[in-house]
Amino acid sequence: MCAAVYVLSTVTGYVLTSALLLKCPNLLHRRKRETFLSRHISHRGGAGENLENTMAAFKHAVDLGTDMLELDCHLTKDEQELPPYLCKLGVTFQRECFCEGGEDRRIPLLRDVFDAFPNTPVNIDIKVNNDTLIKKVSELVVKYDREHLTVWGNASNQIVKKCYKENPRIPVLFSFPRVLQLLGLFYTGLLPFVPLKEQFLEIPMPSIITKLKDPDRLTRSQRFITWLADTLLMRKALFQHLTARGIQVYIWVLNDEDDFQRAFDLGATGVMTDFPTRLKDFMDKNGMSKLQ
């Protein structure tokens, strides 16, 4: 009987401690220093309004007042030049939507983006596991004194590990395996006790799949998996805990007001969109001031 009471007391103490630290993580962890905060994030510069990853897209987003540019980074064969887009592009996160853009059809070099927007935070998706690419991106970030204005990473844990090893002063994103670990820690109550090296959680809102595909064509199992993923990922308590530790939460890629509203209601720091004008209009209408 005494042993059972002791076990119950220990478990109760653990649960109460975990709950307290979930709400007040700074009792155990020093809050990460945030050199910038982003609410309005333009996916590939705003792939629904201009050809993605072009200077025209980036300039349009910055002129609108975006808090952050998100872009994809590759290494070309000659490590320099890129051919222009030859046709219209589909907007990945907007069903049956295409963007033809204007005269600007060329993807700029990363240094061109840094030159053009020296004060704008940039979110770099390292698209391939290439040591040379990672090294060159780090060198450019250092050359342009942008370690405090850059976040980089990929869904691949291998790439994120290499990024962190190459330059631990540039904040990294949670990789997909690390997101799964994060959820495991959260649901077992262990998260408040574990240190985290990442400074940005960038995750999709699973429910948007019904807007990307014809809902009538989704199978019952697909609907269940979507519901389960959405239920597990979109947790206000998780987002609040992370932001209290100085870890920003970005939800992607949202393109309509209902999803903007839901993301911010859940406590997301920022929303990534293909339509920066829509997000700006939403934020203006709801009196959401810029965070920077």
Side-chain angles (χ1 to χ4, degrees), residues 34-50 52-53 57-58 60-72 91-95 97 99 117 120-125 149-155 171 173-174 176 179 182 198-212 226 229-244 246-292:
E34 299 158 310
T35 56
F36 62 84
L37 292 167
S38 302
R39 265 189 178 148
H40 186 297
I41 307 158
S42 298
H43 180 239
R44 300 174 184 172
E49 297 179 12
N50 287 276
E52 63 187 44
N53 290 315
F58 300 141
H60 172 65
V62 170
D63 287 347
L64 275 174
T66 194
D67 295 313
M68 171 183 277
L69 295 173
E70 189 271 350
L71 55 82
D72 299 337
V91 179
T92 307
F93 295 95
Q94 185 79 14
R95 186 153 55 109
C97 180
C99 185
F117 313 108
T120 302
V122 175
N123 182 322
I124 302 174
D125 187 353
L149 287 175
T150 305
V151 53
W152 63 343
N154 183 268
L173 302 160
F174 281 86
F176 178 67
V179 171
L182 183 72
E198 297 89 350
Q199 202 163 335
F200 296 84
L201 175 65
E202 193 173 284
I203 54 175
M205 182 182 286
S207 62
I208 68 170
I209 193 173
T210 59
K211 298 176 182 178
L212 305 181
T226 299
D230 197 86
T231 301
L232 293 175
L233 271 177
M234 299 291 104
R235 305 301 298 181
K236 189 169 187 175
L238 172 61
F239 298 168
Q240 288 177 332
H241 175 79
L242 293 175
T243 54
I247 297 172
Q248 296 186 52
V249 178
Y250 299 156
I251 300 183
W252 57 266
V253 169
L254 309 183
N255 291 325
D256 64 50
E257 290 198 1
D258 290 344
D259 293 330
F260 299 159
Q261 187 69 60
R262 184 184 181 213
F264 288 123
D265 286 347
L266 285 169
T269 313
V271 162
M272 189 180 299
T273 184
D274 288 316
F275 295 89
T277 303
R278 289 184 191 175
L279 181 54
K280 180 182 185 300
D281 291 344
F282 169 83
M283 292 174 65
D284 288 346
K285 185 170 68 174
N286 288 275
M288 301 175 71
S289 60
K290 283 168 65 68
L291 284 171
Q292 283 181 248

Between [atom1] of [X] and [atom2] of [Y], what distance do you get to the nearest 0.5 Å?
X	Y	atom1	atom2	value
M68	F36	CE	CZ	4.0 Å
T273	D256	OG1	CG	9.0 Å
D125	L71	CG	CG	8.5 Å
F264	L254	CZ	CG	8.5 Å
N123	L69	CG	CG	9.5 Å
L173	Y250	CG	OH	9.0 Å

Would you mind reporting whether [Y] and [X] have side-chain heavy atoms less than 4.5 Å apart?
X	Y	value
P276	T66	no
M283	V271	no
V122	F117	no

Is D281 paired with K285 through a side-chain N to carboxylate O contact shorter than 4.0 Å? no

With side chain to side chain contact (heavy atoms under 4.5 Å, CB included) as the test, would you mind laying out the steps for V151 and Q199 before giving the verdict? CA-CA 8 Å; V151 53; Q199 202 163 335; over 6 Å; no

Nearest atoms (heavy-atom pairs only) where [X] meets [Y]:
X	Y	answer
L64	E49	CD1-OE1, 4.4 Å
D259	K211	OD2-NZ, 2.7 Å
A263	I251	CB-CD1, 4.0 Å
F282	M288	CE2-SD, 3.8 Å

Using the side chain to side chain contact (heavy atoms under 4.5 Å, CB included) rule, take L242 and L182 through it: C-alpha gap first, then chi angles, then the decisive distance, then the call. CA-CA 10 Å; L242 293 175; L182 183 72; 4.0 Å; yes

Counterpart residues, side-chain contact (heavy atoms from CB on, under 4.5 Å), relative to D230 (two or more places apart): M205, P206, S207, M234, R262

Would you check, one step at a time, whether the test salt bridge (Lys or Arg N to Asp or Glu O under 4.0 Å) holds for D72 with R44? CA-CA 7 Å; D72 299 337; R44 300 174 184 172; 3.1 Å; yes

Output, in order, the C-alpha distance, side-chain angles, deciding distance and verdict of side chain to side chain contact (heavy atoms under 4.5 Å, CB included) for D67 and L37. CA-CA 8 Å; D67 295 313; L37 292 167; over 6 Å; no

Side chain to side chain contact (heavy atoms under 4.5 Å, CB included) with W252: of E70, M272, H43, only one passes, and it is M272

Stepwise, does the side chain to side chain contact (heavy atoms under 4.5 Å, CB included) test hold for I203 with F239? CA-CA 11 Å; I203 54 175; F239 298 168; 3.9 Å; yes

